[in-house]
Engineer: 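Following this message is one structure expressed as structure tokens.
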Amino acid sequence: MDLIKFIDVSYTMTSGAPILSDINLTISKGKITTIIGPNGAGKTTLLKLMLGLAKPSSGKIHHLAKVRVGYVPQKLKLNPLLPVTVERFLQLASPLGNKILAEKINRVLHDVGACHLKQRWMRELSGGETQRILLVRALMQDPDLLVLDEPAQGVDIMGQADLYQLIARLRDQIGCGIVLVSHDLHLVMAASDNVICLNQHVCCSGSPSDVQSHPSYAQLFGTRAEAASLAIYTHHHTHHHDIPCTQGHDHD
Ligand SMILES: Nc1ncnc2c1ncn2[C@@H]1O[C@H](COP(=O)(O)OP(=O)(O)OP(=O)(O)O)[C@@H](O)[C@H]1O
């Protein structure tokens with residue numbers, strides 16, 4: 001099912017500077033669509049258009065009627081002096097009554113494996129933990145479409161892999177559409193159903209393998225594109241473990 005469809009969409013600044021031109025794309029339920037592109041390519045602008053926070057200068061954007069969108073911002077702007085627990089933060093984001101809300105918070109925290117964070121202070125969470133709680137907040141809207149702006153920023157590589165696995169699990173479990181912006185080509189190629197390669201216009205799009213074999217992808221990302229085609233999760237051992245795994249050891 002199509003959730004959002006862009007038809008010949010262009011976006012121009014009031015100064016007349018073109019930001020996006022002739023964008024045609026479809027966001028579908030049950031699929032992870034990742035937008036990749038260099039700095040200034042217009043990725044955030046594209047998300048704003050999807051979310052209805054900006055209007056196209058020309059072209060049409062069709063939304064499925066009453067599509068519910070959950071948005072996970074790049075960063076949380078929270079007053080660092082404000083003592084807010086995770087539970088309180090989530091309560092503040094919902095209009096639900098006490099009992100239903102408490103149950104929902106528990107359920108969604110459980111779904112993303114974050115029950116242990118419930119009583120922690122928001123300001124003390126790590127980057128990856130904060131990202132998970134922002135995801136919980138978005139999921140509490142029961143979204144048809146989940147939009148994540150660079151969710152892996154500030155999260156270490158193992159945390160990023162976990163986050164992407166979680167996003168893929170949510171797609172299967174909830175069946176919502178997922179749109180994300182990412183700079184990490186390895187993870188994008190491993191975890192997306194569709195990839196849109198953007199540089200003010202759609203340079204190429206399709207399955208990760210379609211995009212990886214497209215000349216404009218190699219042109220835009222150069223050596224990073226080559227590196228991303230190598231598997232990253234393979235953990236080759238060329239040695240035997242004779243010490244417990246909890247102690248440090250080097251990998252060849
Ligand atoms: N409010 C604004 N006023 C002027 N220029 C803007 C504004 N918002 C965006 N731009 C310009 O539009 C272009 C696209 O910006 P956008 O933030 O969408 O790119 P991006 O792909 O998300 O970049 P990044 O990867 O660096 O976050 C950039 O050249 C940016 O400078």
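Atoms within each ligand, like the ligands themselves, are counted from 1 in listed order.
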Engineer: For Ile19, take its heavy atoms, then give the atoms of ligand 1 lying under 4.0 Å from any of them.
Structural biologist: 11 (C), 12 (O), 13 (C), 14 (C)

Engineer: Quick check: does Met13 get an N/O under 3.5 Å from an N/O on ligand 1?
Structural biologist: no

Engineer: Take atom 2 (C) of ligand 1 and look for protein heavy atoms under 4.0 Å from it; say yes if you find one, no if not.
Structural biologist: yes

Engineer: Please confirm whether Ala17 comes under 4.0 Å of ligand 1, counting heavy atoms of the residue only.
Structural biologist: no

Engineer: So is Thr44 polar-close to ligand 1, meaning N/O to N/O under 3.5 Å?
Structural biologist: yes

Engineer: I'd like the name of whichever of Val181, Thr45, Leu49, Leu47 reaches closest to atom 9 (C) of ligand 1 through any heavy atom.
Structural biologist: Thr45

Engineer: Determine, counting only non-hydrogen atoms of the protein, whether one lies under 4.0 angstrom from atom 26 (O) of ligand 1.
Structural biologist: yes

Engineer: Checking contacts now, so for atom 17 (O) of ligand 1, which I'm interested in, is there any protein heavy atom under 4.0 Å?
Structural biologist: yes

Engineer: Using non-hydrogen atoms of the residue, decide whether His183 is closer than 4.0 angstrom to ligand 1.
Structural biologist: yes

Engineer: Regarding ligand 1, does Gly42 bring an N or O atom to under 3.5 Å of one of the ligand's N or O atoms?
Structural biologist: yes

Engineer: I'd like to check which ligand 1 atoms, numbered from 1 as shown, lie under 4.0 Å from a non-hydrogen atom of Pro38.
Structural biologist: 21 (O)

Engineer: Within the structure provided, determine whether Asp210 and Tyr217 are in side-chain contact (heavy-atom separation under 4.5 Å).
Structural biologist: no

